[in-house]
2 protein chains.
Amino acid sequence: MPDTWIDTFPGLTRLPADIRAELEAGSQIVTAPAGAQIFAPGQTADNLLLLLDGTVKVQQKSDTGRDVFLYRVHAGESCVLTTACMLAFEDYAAEGISETDVRAVAIPRKTFDSLVGKSPVFREFVFTAYSRRITDLFTLIDDIVFQRMDVRLAARLLELADDRGVVHATHAALGTELGTAREVISRTLSEFHRRGWVEQSRGEVHLTGKEGLARLVKSAGAHV
Amino acid sequence: MPDTWIDTFPGLTRLPADIRAELEAGSQIVTAPAGAQIFAPGQTADNLLLLLDGTVKVQQKSDTGRDVFLYRVHAGESCVLTTACMLAFEDYAAEGISETDVRAVAIPRKTFDSLVGKSPVFREFVFTAYSRRITDLFTLIDDIVFQRMDVRLAARLLELADDRGVVHATHAALGTELGTAREVISRTLSEFHRRGWVEQSRGEVHLTGKEGLARLVKSAGAHV
DNA sequence: CGGAGTCTGTGACCAAGTCACCAAGGATCA
DNA sequence: TGATCCTTGGTGACTTGGTCACAGACTCCG
């Protein structure tokens, strides 16, 4: 494995040679197409996944049948929250869906446990990833409770836009992402359109006035 | 230390003798009065706390100046989320306030790190505690997004009531717990009163019809 | 007794979620 | 080429919840 994947994760570059060897030998690279269910509630996670390419969205299957979007894992990050359940042999209430074709490193429970035991650097990597996700969850809760919908939508649009300023998502999809109803998204987008910030077409939103959106987000002091 | 505290934590009873010894030697019992700030944002946590007596409430200091209640740590549980930040040398955005006089075991970072490295049982204990808290956070988010306020308030009242069915809390306090406004609590409690479920007096709520509250909670399929 | 501070009640108003229904765009297939 | 169906988006009426302003009422003390 020349040009090892390990170096794409900043937290792992400091690993000593023997640990690197064990990590490389005890893990493998896996792929999945867009839209695949990466992990699901009720099924024990047997691997820690480190994303090399693509994005995975993690959402909670609600009892009420609706989904709550929790967070998005990008290339270079890990689905680390599953590991708690992995090591604790507990079930997970969330599911992960690949949004694009993804490539990831799968570290099986055995290797993971062994490395956590042996390597302080690896431990720090894991716990750092944890604390990131956890503080993310805290700010998510904060946003849900205190932030206005228009601000949250504006922030999310800026985040999801591709390099041409286009967001590929239906109103319903944006609704689940923000934990609100489709109608609310529709109304808010009409308002944004009225202000000349967006143009709409079926299944996509064109950001024509990013400055306006950014100003709205900033004025509310949102956590982008 | 006869009758060691270790056995009050089910996950730790399986620890081998040498690890127990290290844990006992490398930790100490601390106390704090009711209302003390146990940990705060911006100050690195240097100890993992395992609660022996009392309760600690953990809440996020919001940018907007208001607080969001996250969860409550009871005797026999640990403030484990702080450990991620502890090991990762990262700051924490939440603060912990003792609600009663508390007694706890403080495990310093050094001991903690060493034990996580040496003992698979201790690792499992830590990661189990993690996964509990994390899934709790997930259900919290779910509740905030989808559950009606009256149901959430009813559930919380049942949870907070002492053995005589009295909840000692002001409307404002219940408001922060549920991430809503005092006025909403007042209105909802009036409604509960109208239905004969509660009696009110300054600073406390008497549950006179727990069955009604329980029925409301149950009919909504809430996560108690 | 007389403030000062805290706790609760209330009305008006706005933001957001729910429900019901309709219309337009796209796909499929006889 | 239509007929049909599904998905997406638009809209109005209504309910719930959050915000603001202000007024009583209780408690603690000096």
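Each chain gets a letter, A, B and so on, in the order its sequence line appears, and its residues count up from 1.
To the nearest 0.5 Å, the span separating CD1 on B/I144 from OG1 on B/T139 amounts to 10.0 Å. Note that the CZ atom of A/R133 and the CG atom of A/L140 stand 11.5 Å from one another [nearest 0.5 Å]. Rounding to the nearest 0.5 angstrom, the gap separating the CG atom in A/L178 from the CD1 atom in A/I185 is 5.0 Å.
We find that CD1 of B/I144 is positioned 14 Å from P of D/dG17, with the value rounded to whole Å. Between B/L174 atom CG and C/dT6 atom C1' there is a gap of 16 Å when expressed in whole angstrom units. A straight line from CE of A/M149 to C1' of C/dC14 spans 16 Å, rounded to a whole angstrom. Put simply, CD on B/Q147 is 16 Å from C1' on D/dT15, counting in whole angstrom units. In this structure, B/L189 atom CG and C/dT10 atom P are separated by 12 Å, rounded to whole Å. Here the C1' atom of nucleotide D/dG18 and the CG atom of B/L153 are 15 Å apart, to the nearest Å. The distance from atom CG of B/D143 to atom P of C/dG17 is 16 Å, rounded to the nearest whole Å. Rounded to whole angstrom, the span from the CG atom of A/D150 across to the P atom of C/dA15 amounts to 9 Å.
The closest side-chain heavy-atom distance from A/D67 to A/Q60 is not below 4.5 Å.
Backbone-only engagement by A/R66 is indicated by non-hydrogen atom pairs under 4.0 Å involving sugar-phosphate atoms exclusively.
Non-hydrogen atoms lying under 4.0 Å from DNA chain D are contributed by A/R182, A/E183, all within residues 176-185 of chain A. Near DNA chain D, meaning a heavy atom under 4.0 Å from it, residues 190-210 of chain A has A/R202, A/G203 in order of number.
Of the side-chain N and O atoms in A/H171, one or more sit less than 4.0 angstrom from OP1 or OP2 of D/dG10. B/S186 has a side-chain polar atom (N or O) that falls below the 4.0 Å cut-off from OP1 or OP2 of C/dG9.
Sorted by first and then second residue, the salt bridge (charged side-chain N to carboxylate O under 4.0 Å, His left out) pairs with a member in residues 168-190 of chain B read B/R72-B/E177, B/R156-B/E177; sequence neighbours excluded. Screening residues 37-68 of chain B for ring-ring contact (aromatic ring centres under 6.0 Å, His included) gives B/F39-B/Y92 as the qualifying pairs, with residues at least two apart or on separate chains. Counting only residues at least two apart or on different chains, no ring-ring contact (aromatic ring centres under 6.0 Å, His included) pair has a member in residues 135-182 of chain A.
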Check the pair B/H206 / B/E204 against side chain to side chain donor-acceptor pair (under 3.5 Å), numbers first and verdict last.
CA-CA 7 Å; B/H206 298 251; B/E204 47 188 38; 3.2 Å; yes
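Closest to the side chain of A/R148, out of D/dG18, D/dG12, C/dA15, is C/dA15.
For A/E199, there are no salt bridge (charged side-chain N to carboxylate O under 4.0 Å, His left out) partners two or more places apart in sequence or in a different chain.
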